[in-house]
Every structure is written in structure tokens, then in C-alpha cells.
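For reference, the structure discussed in these notes is given below.
What you see is a predicted model, and the numbers here were worked out from it, not measured in a lab. In listed order, ligands and their atoms are each counted from 1.
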Amino acid sequence: MRLDYLTIFPEFFDVLGISLLGKAVDNGIVDIHAHDLRTWTHDRHRTVDDTPCGGGAGMVMKPDPWGEAFDDLLGADPDPSVHVVIPTPSGTPFRQDDAAQLSHADRIVFCCGRYEGIDHRVIDYASEHWSVHELSLGDYVLNGGEVAALAMTEAIVRLVPGVLGNPESLSEESYSQDQEGLLEYPVYTRPASWRGWDVPEVLMSGHHGHIAQWRREQSRELTRRRRPDLLTDE
Ligand SMILES: Nc1cc(-c2ccc3ccn(Cc4ccc(CN5CCCCC5)cc4)c3c2)n[nH]1
């Protein structure tokens with residue numbers, strides 16, 4: 001899987017060389033390239049923004065640098081197997097299903113906007129050529145797309161075979177189908193008693209059936225309290 005990031009802050013993505021994703025890069029499972037969008041500017045001030053047509057506060061990112069970056073990175077031939085992800089507050093919510101689907105992609109290009117956003121014609125042009133995903137990280141406004149791109153990257157890449165040390169843990173995670181889409185149960189480790197708090201006895205019983213039942217109950221109770229929207233039983 002090749003991941004490209006178009007951004008005016010490429011150093012944001014240096015962090016991807018650390019830990020889990022760092023190993024995936026070292027193993028050649030994932031190939032990461034961050035690009036400074038100003039590479040594709042030609043004026044002395046390396047301008048990437050301009051005033052919004054129709055008025056309004058702030059600045060909007062000019063389309064030209066993005067178009068030239070697409071030309072260099074992707075060429076002009078349509079290719080639906082290339083996924084262009086554009087983090088935006090107005091996108092569809094990024095969910096585990098999106099991460100799962102994108103984990104099968106061979107190529108993903110993250111377009112990280114700043115200012116008040118990117119000229120919409122960039123999205124229109126990209127949509128004619130590649131598979132475009134306008135995705136929101138959540139219902140809050142960030143200063144740009146970089147943090148969202150990092151979060152989405154981690155959610156996607158950890159699902160790629162060979163990236164995680166213990167793939168079986170994936171099936172027990174919140175939102176995963178095996179967990180029936182419920183929130184995951186609380187976890188414990190040693191010591192058995194810590195500052196007056198004990199590990200639930202059932203977990204020390206060695207009775208796997210009881211432990212599994214307790215965990216299912218914990219998941220349902222936690223989901224009922226925190227995320228009733230995830231409960232589908234009629
Ligand atoms: N889930 C999530 C993703 C993002 C995200 C992603 C990408 C960019 C690029 C820029 N920003 C900052 C920004 C975007 C929008 C506004 C409001 N809006 C602007 C246009 C006219 C109406 C009002 C303010 C600032 C971004 C923010 N935030 N949250």
C-alpha cells in the first residue's frame with residue numbers, strides 16, 4: 001500500500017515513521033510519502049491561498065497547486081483504484097467500515113486542506129479521475145486536514161495484514177463485527193489487587209465460558225449506557 005499526503009505541513013507526517021506504522025514501513029508493507037503543496041507553486045511567496053469568491057471570512061486554497069500535484073503524483077489518466085481522501089468537516093463520518101474498505105486499497109492520496117478549505121473544483125476534478133472520499137473525523141472543527149489524515153491512516157493501516165502483531169485482537173475491538181458492533185469490555189492485568197481495587201473474580205476463575213459471558217454482559221451494559229445508538233436489538 002502506497003500512501004501520499006499533500007499538505008503545507010509535511011512534517012506532520014514524520015510521526016508515521018514511529019512504532020506500529022514505522023514497522024509496517026520497514027517491512028515494506030506500507031510506503032509513505034508526504035509532499036509540500038508549495039512544491040507546485042511558482043511565485044516568489046509560494047502562494048497557496050486566495051480570497052473567497054462571494055466574500056466571507058478567511059482564505060481558500062487555490063486549485064492550481066493541487067492540480068499540478070495530481071499531475072505529478074497520479075498523471076491525468078482516470079484510475080478508480082486510486083483513492084483520494086479529503087478530510088473535511090462537511091464530509092461523511094469516517095467509520096470503521098471506511099477504514100476496513102480503504103485497508104484494501106493499493107494507493108491512497110490524502111489531500112490535507114488548511115485555511116477555510118480547498119477550492120471545490122479540486123474535488124470535482126479529482127472525482128472525474130479517481131475514487132474520492134470526502135470524510136469527516138468527527139463533529140468538531142480542526143484547523144486543517146492533517147490530524148484527521150493521521151487518525152484515518154492509523155485506523156486504516158492497522159487493518160492491513162501483517163501490520164499488527166496479533167491480528168486476533170482486531171476481532172474483539174469496538175465496532176468490529178465479531179464484537180457485534182458493541183463497545184469493548186473493560187480489561188485488567190496484574191496485580192490482582194491495586195490500591196483497594198480488585199480484578200473481577202470471574203477473570204481469575206480460569207472458567208472461559210463464564211469469562212466470555214461476563215465480557216459479553218459488560219459490553220452490552222457499557223454500550224447501553226454510552227452508545228445506545230449502537231444497540232440494534234428490537
Ligand atoms: N472532522 C473535521 C475535519 C476538519 C477539517 C478538515 C480539513 C480542513 C481544511 C481547513 N479546515 C479548517 C476549517 C474548515 C471549515 C471551516 C468552516 N467553514 C469554512 C467554509 C465556509 C463556511 C465555514 C473552518 C475551518 C479543515 C478542517 N475539521 N473537523
Side-chain angles (χ1 to χ4, degrees), residues 3-16 21 32-41 43 45-70 72-74 82-103 105 107-159 173-175 181 183 226-227 229-230:
L3 301 174
D4 288 277
Y5 301 84
L6 283 170
T7 168
I8 58 173
F9 296 120
E11 59 274 21
F12 246 99
F13 299 96
D14 292 351
V15 71
L16 291 177
L21 300 192
I32 292 177
H33 301 268
H35 309 274
D36 185 345
L37 187 68
R38 295 187 198 276
T39 306
W40 292 281
T41 62
D43 62 305
H45 298 291
R46 311 190 78 198
T47 309
V48 291
D49 63 317
D50 201 343
T51 51
C53 295
M59 302 292 274
V60 171
M61 298 191 92
K62 294 161 56 70
D64 315 77
W66 293 95
E68 293 189 28
F70 287 154
D72 278 1
L73 291 182
L74 298 171
V82 171
H83 294 265
V84 175
V85 172
I86 303 167
T88 169
S90 58
T92 53
F94 176 72
R95 309 199 48 103
Q96 190 66 20
D97 282 351
D98 300 301
Q101 284 173 34
L102 287 166
S103 72
R107 183 135 199 219
I108 304 175
V109 179
F110 288 90
C111 298
C112 303
R114 278 272 155 170
Y115 304 98
E116 298 291 313
I118 304 171
D119 185 301
H120 199 274
R121 291 169 293 178
V122 172
I123 295 157
D124 296 330
Y125 175 86
S127 300
E128 284 177 333
H129 292 74
W130 307 291
S131 298
V132 170
H133 310 261
E134 293 182 76
L135 296 172
S136 166
L137 188 63
D139 293 339
Y140 38 80
V141 181
L142 301 167
N143 281 339
E146 287 82 6
V147 165
L150 281 170
M152 293 173 186
T153 297
E154 184 154 303
I156 292 163
V157 172
R158 67 194 297 277
L159 299 178
E173 292 182 338
S174 294
Y175 319 112
L183 300 183
R226 291 186 182 160
R227 292 293 305 275
D229 58 298
L230 293 178

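For Tyr125 and Trp66, the distance between ring centers is not under 6.0 angstrom.
Partners of Glu116 under the side chain to side chain contact (heavy atoms under 4.5 Å, CB included) rule, at least two apart in sequence or in another chain, do not exist in this structure. By the side-chain hydrogen bond (donor to acceptor under 3.5 Å, both in side chains) test, His45 pairs with no residue at all, sequence neighbours left out. Annotation: salt bridge (Lys or Arg N to Asp or Glu O under 4.0 Å) contacts of Asp119 (sequence neighbours excluded): Arg121.
A heavy-atom cutoff of 4.0 Å around ligand 1 is satisfied by the protein residues Pro87, Thr88, Pro89, Gly113, Arg114, Tyr115, Glu116, Gly117, Ser136, Leu137, Gly138, Tyr140, Val141, Leu142, Asn143, Gly144, Gly145.
Heavy-atom neighbours of Asp139 CG from other residues, nucleotides or ligands within 6.0 Å: at or below the threshold of 12.
In this structure, Lys62 pairs ionically with Asp64, as a charged nitrogen and a carboxylate oxygen lie closer than 4.0 Å.
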